[in-house]
2 protein chains.
Amino acid sequence: MSTALYQHINRFIDLSNDEQEILAPLLKSFSVKKKAFLLEEGQTCRANYFVIKGCLRLYFIDIKGAEQTTQFAIENWWITDLTSFLFQEHSEFYIQAAEATEVIAIEHHHYDEMFHKLPKLERYFRLILQKNHQASQRRIKFLYSQTAEERYRHFNSLFPEFVQRVPQYMLASYLGFTPEFLSKIRAKKI
Amino acid sequence: MSTALYQHINRFIDLSNDEQEILAPLLKSFSVKKKAFLLEEGQTCRANYFVIKGCLRLYFIDIKGAEQTTQFAIENWWITDLTSFLFQEHSEFYIQAAEATEVIAIEHHHYDEMFHKLPKLERYFRLILQKNHQASQRRIKFLYSQTAEERYRHFNSLFPEFVQRVPQYMLASYLGFTPEFLSKIRAKKI
DNA sequence: ATCATTTCTTAAACTACATTAAGTTTTTTG
DNA sequence: CAAAAAACTTAATGTAGTTTAAGAAATGAT
């Protein structure tokens with residue numbers, strides 16, 4: 001089992017070796033090939049996923065049949081369709097590997113057990129969810145306050161290396177416009 | 001002190017009377033007049049607010065000078081600019097009462113203290129933040145998957161009573177279009 | 001009740017971005 | 001390394017939603 005998750009947890013709380021050993025059997029570690037799916041529309045989301053290395057994305061298919069990416073998760077981020085995961089309902093989302101990715105998964109039937117055995121982790125996940133909430137508030141403001149071109153230039157200036165990592169059509173839908181329009185923007189200037 | 005918050009907490013965890021008495025001095029309860037502000041741009045967000053009765057909204061002013069509402073909070077919802085609240089940074093948001101509103105506030109200097117004295121509340125806030133995260137995932141999908149008109153009709157069918165409660169210009173910006181366009185949509189059909 | 005303020009409506013002109021479709025380049029795979 | 005598939009570009013045409021501006025209606029204050 002990779003130590004990346006334990007290191008991440010220890011950035012927020014102190015988890016002893018004994019506690020790590022309690023946690024370990026509740027986790028699964030595995031690799032996902034590029035373009036493989038961890039979740040497809042109509043299925044029930046089985047786990048909450050932590051990215052050790054690589055990149056996952058959450059997307060859905062809109063009425064016109066186009067993929068709309070709503071979230072990316074790179075190293076040290078958690079990703080799931082939370083409603084489907086918590087209530088074991090059918091999902092309207094896909095979770096796909098944008099790159100070959102190593103993940104740690106905590107499955108639904110272990111999720112409550114984890115908090116029962118290690119109440120300390122309530123705090124870790126509260127802090128993670130706070131970060132998620134901050135990211136959501138930032139994202140909504142970002143989407144509402146700028147034009148498509150500004151959003152692209154701003155995102156590109158904040159995360160230039162990430163922009164190179166994913167196909168432009170994924171990025172375009174994440175930023176809220178079409179791949180053709182992104183092409184146009186990029187052609188305008190250097 | 002209103003019991004609404006304790007009732008809400010007890011929907012998620014068991015909080016004894018003793019524990020309620022530990023919590024009480026960390027909270028402030030007060031009324032906010034319609035249109036009054038709990039936070040203005042440039043200020044630091046002092047508290048996380050729980051709505052007992054009424055309605056608060058979170059908004060910012062975009063480049064064109066227009067108000068963009070990003071969140072509403074009605075009865076039993078928490079609202080804050082989380083980044084400004086947690087790190088005591090200047091905010092780019094306003095929090096305003098859309099109606100005369102009764103709130104309970106937990107101020108920043110009591111927030112960590114609260115978790116220290118009542119670690120049980122880690123779980124309560126983890127669960128609240130999970131609900132927020134679900135709401136964010138739903139909201140992003142909603143914004144990306146429908147036209148402006150569909151968003152209005154869908155929202156109106158889900159929350160007809162809420163649509164009557166707030167001015168249309170607040171709703172329009174929340175749904176991602178102009179008040180003029182909302183007027184146009186409403187004129188089309190009953 | 002009356003005046004002031006806020007909110008809502010209407011309509012014409014405008015624009016940012018979508019759509020369509022065809023061609024080009026890059027990446028993947030056997 | 002060749003063929004297929006995936007990703008990207010270009011350009012013409014189309015449209016959902018914005019802007020502007022003025023008037024009408026509703027709400028609030030005294």
Side-chain angles (χ1 to χ4, degrees), chain A residues 32-37 54-55 57 59 61-69 72 94 96-100 142-156 162-190, chain B residues 32-37 54-55 57 59 61-69 94 96-101 142-156 162-190:
Chain A
V32 197
K33 284 191 184 149
K34 187 170 176 172
K35 295 198 185 176
F37 291 97
C55 179
R57 67 162 177 148
Y59 73 90
I61 306 285
D62 70 17
I63 332 172
K64 293 170 187 161
E67 294 178 5
Q68 297 291 342
T69 300
F72 288 108
Y94 297 78
Q96 187 190 34
E99 305 171 349
F142 177 75
L143 285 170
Y144 272 57
S145 57
Q146 290 167 293
T147 65
E149 180 164 355
E150 287 166 342
R151 292 197 298 275
Y152 169 69
R153 299 218 183 276
H154 186 212
F155 190 85
N156 192 43
F162 182 74
V163 168
Q164 302 305 320
R165 259 173 89 168
V166 296
Q168 287 182 28
Y169 73 90
M170 290 185 192
L171 192 64
S173 72
Y174 181 72
L175 295 176
F177 46 75
T178 59
E180 292 83 355
F181 192 69
L182 180 46
S183 228
K184 209 170 177 175
I185 293 170
R186 306 193 96 216
K188 271 169 103 168
K189 202 179 89 177
I190 290 205
Chain B
V32 197
K33 285 193 182 145
K34 186 170 177 174
K35 296 198 184 175
F37 291 97
C55 179
R57 67 162 177 147
Y59 73 90
I61 306 284
D62 70 15
I63 331 172
K64 293 172 187 160
E67 293 178 5
Q68 297 291 343
T69 301
Y94 297 78
Q96 187 190 33
E99 304 171 349
T101 303
F142 177 74
L143 286 170
Y144 272 58
S145 56
Q146 290 167 293
T147 65
E149 178 162 357
E150 287 166 342
R151 291 198 299 274
Y152 169 69
R153 299 217 183 278
H154 185 213
F155 191 84
N156 192 44
F162 182 75
V163 169
Q164 301 307 319
R165 260 174 87 170
V166 297
Q168 286 181 29
Y169 72 90
M170 289 186 194
L171 192 65
S173 71
Y174 181 72
L175 295 176
F177 45 76
T178 59
E180 292 84 356
F181 191 69
L182 179 46
S183 230
K184 207 169 176 177
I185 292 170
R186 307 192 95 217
K188 273 169 100 169
K189 201 178 89 177
I190 290 208

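In what follows, every chain begins at residue 1, and chains take the letters A, B, ... in the order their sequences are listed.
- Between C/dT28 and A/Lys34, a contact under 4.0 Å exists linking OP1 or OP2 to a side-chain N or O.
- Distance CD (A/Glu150) to P (C/dA16): 11 Å, rounded to an integer number of Å.
- The A/Phe177 side chain lies nearest to C/dC17 when the options are C/dT10, D/dG17, C/dC17.
- Among the atoms of the strands shown, base atoms are found under 4.0 Å from some heavy atom of B/Phe181.
- Atom CG of A/Leu182 is separated from atom C1' of D/dC8 by 10 Å (rounded to the nearest Å).
- Here the side chain of B/Lys184 is nearest to one of D/dA21, D/dT18, C/dC8, namely D/dT18.
- In terms of heavy-atom proximity, A/Arg186 sits nearest to A/Gln164 at NH2-NE2, 4.4 Å.
- Under the 3.5 Å distance criterion, the side-chain polar atoms of B/Ser173 are matched with a main-chain donor or acceptor of B/Thr69.
- Distances from the side chain of B/Glu180 to the nucleotides C/dT10, D/dA7, D/dT10 place C/dT10 closest.
- Within the structure, every pair that satisfies the salt bridge (Lys or Arg N to Asp or Glu O under 4.0 Å) test and touches residues 163-179 of chain A, not counting sequence neighbours, is listed here: A/Glu75-A/Arg165, A/Glu99-A/Arg165.
- Residue B/Lys64 contributes atom NZ, which lies 13 Å from atom C1' of D/dT20 at whole-angstrom precision.
- Ring centroid separation for the pair A/Phe162 and A/Phe72 comes in under the 6.0 Å cut-off.
- At whole-Å resolution of the value, CD1 in A/Ile63 and P in C/dT19 are 11 Å apart.
- Counting heavy atoms from C-beta on, the side chains of B/Lys184 and B/Phe181 come closer than 4.5 Å.
- Here the P atom of nucleotide D/dA16 and the CG atom of B/Leu175 are 18 Å apart, to the nearest Å.
- When distances run from any side-chain atom of A/Ser183 to the nucleotides D/dT18, C/dT7, D/dT10, the shortest one goes to D/dT10.
- Closest approach to the B/Tyr169 side chain among C/dC8, D/dC8, C/dT19 is made by C/dC8 (side chain taken as heavy atoms from C-beta onward).
- Nearest to the side chain of B/Gln168, among C/dC8, D/dT9, C/dT19, sits C/dC8.
- Across the protein-nucleic acid pair, A/Gln164 atom CD and C/dT27 atom C1' stand 16 Å apart, rounded to whole Å.
- Protein atom CZ of B/Arg165 is 18 Å distant from nucleotide atom C1' of D/dT27, rounded to whole Å.
- Using a 4.0 Å cut-off, some side-chain N or O of B/Lys35 falls inside it from OP1 or OP2 of C/dT7.
- Remark: A/Thr178 is not in phosphate contact with C/dC17, judged by side-chain N or O atoms under 4.0 Å from OP1 or OP2.
- At whole-Å resolution of the value, CZ in A/Arg186 and C1' in D/dT10 are 15 Å apart.
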